[in-house]
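Both ligands and their constituent atoms are indexed starting at 1 by order of listing.
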Amino acid sequence: MTIGFFDSGIGGLTVLEESLRRLPAQDYLYMADTLHVPYGTKSQDEVRSYILDAVETMMAEGLEALVVACNTATSIAVNELRERYSLPIVGMEPAVKPAVEMNRATGKRVLVFATQLTLQLPKYYALVSRVDDGGIVDSLPLPELVRYCEALQFDRRIIGDYFREKLAAYNLDDYGIVVLGCTHYPFYTNILQEILPPHIQIVNGNAGTIRRLAALLSRYGVASGRGSGQVKFMCTGGEQAYIDKMHTALNLLRENKL
Ligand code: DGL
């Protein structure tokens, strides 16, 4: 069987990597919307139509499940995708709820990193209003980080300086958890960990997403164990150079070289 993973670019590979570890006996199709990446700095209407077009192309490949491996795309289109297609669809949202719960005992604040678009959508506002009863959640967009990631820029000094500049205005002693609410950001977990004080935990929604995928697959009775962890890469622009880049990025993640 083939499970589709969709993102604007290479960010969803951080989710795919988790799936390859947890569900190695499936085959995968990974689609990046190279014609339109990044999504996070565009308008909701624009991004909505890009997502619907790209997912339609993926469906023609014969998927048995779809992971919208992008927080921004999930916020905008996951409901519509579920109305259009009858296969199991798993989306992502910033892991604000578990972070708030984990922090309750410490009294520290939660800092959520996500794209501008995710943070300005009603879905995010509703999520924070629902779970943040103590008013402890702060949010910060990191648009340059998506650009760095798409350029495979993993230089510790350049990225470290970027984080230091972005965090200069925050008193980090006040925070207990940083939530990575964009699937590109986990590429930088190790560098970020070096910048943050050691008491701050970094969390993302990738493991939870793959647990939900596994649960959905068994609930829908989708056969498991027939694949071999093969990944077919596609991109909306069809650029071979980008497909090579996706191989490189996935290998960096799988070999833990970041
Ligand atoms: N990876 C995406 C996310 O999880 C979006 C990045 C972008 O295209 O701006 O939100």
Enquirer: Is there at least one pair of N or O atoms, one from Thr41 and one from ligand 1, spaced under 3.5 Å apart?
Expert: no

Enquirer: Within this structure, what is the CG-OH distance for the pair Leu119 and Tyr125, rounded to the nearest 0.5 Å?
Expert: 14.0 Å

Enquirer: At less than 4.0 angstrom from any non-hydrogen atom of Asp7, what atoms of ligand 1 do you find?
Expert: 1 (N), 2 (C)

Enquirer: Check each atom of ligand 1 against the heavy atoms of Ser8 and keep those under 4.0 Å away; list them by number with element.
Expert: 5 (C), 6 (C), 7 (C), 8 (O)

Enquirer: Heavy-atom distance under 4.5 Å between the side chains of Leu87 and Ile89, does that happen here?
Expert: yes

Enquirer: So if I count the atoms of ligand 1 from 1 in the order they appear, which ones are less than 4.0 Å from some heavy atom of Gly40?
Expert: 7 (C), 8 (O), 9 (O)

Enquirer: Which ligand 1 atoms does Thr72 reach within 4.0 Å, using its non-hydrogen atoms?
Expert: 3 (C), 5 (C), 10 (O)

Enquirer: May I ask you to check whether Gly11 has an N/O atom sitting below 3.5 Å from an N/O atom of ligand 1?
Expert: no

Enquirer: Compare all side-chain heavy atoms of Asp33 with those of Leu35 and state whether any distance is below 4.5 angstrom.
Expert: yes

Enquirer: Below 4.0 angstrom, N of the basic side chain to O of the carboxylate: do Lys108 and Asp174 qualify?
Expert: no

Enquirer: Would you mind listing which atoms of ligand 1 come within a distance below 4.0 Å of any non-hydrogen atom of Asn71?
Expert: 3 (C), 4 (O), 10 (O)

Enquirer: What's the shortest distance from atom 7 (C) of ligand 1 to any protein heavy atom, and which residue and atom give it?
Expert: Tyr39 N, 3.3 Å

Enquirer: Tell me whether Leu253 is reachable from Leu16 by hopping between hydrophobic residues (I, L, V, M, F, W, Y) whose side-chain heavy atoms are closer than 4.5 Å.
Expert: yes

Enquirer: Counting from 1, what ligand 1 atoms have a heavy atom of His184 closer than 4.0 Å?
Expert: 1 (N), 2 (C), 6 (C)

Enquirer: Starting from atom 2 (C) of ligand 1, find the nearest protein heavy-atom neighbour and note its residue, name and distance.
Expert: Cys70 SG, 3.2 Å

Enquirer: Is there side-chain contact between Asp138 and Tyr175, with heavy atoms separated by less than 4.5 Å?
Expert: yes

Enquirer: Can you list the atoms of ligand 1 that are under 4.0 Å from a heavy atom of Thr115?
Expert: 5 (C), 6 (C), 9 (O), 10 (O)

Enquirer: Within a strict 4.5 Å, meaning less than it, do heavy atoms of the Asn204 and Tyr185 side chains meet?
Expert: no

Enquirer: Would you say Gly9 touches ligand 1, if touching means a heavy atom closer than 4.0 Å?
Expert: no

Enquirer: Under 6.0 Å between ring centres, would you say that holds for Tyr148 and Phe154?
Expert: no

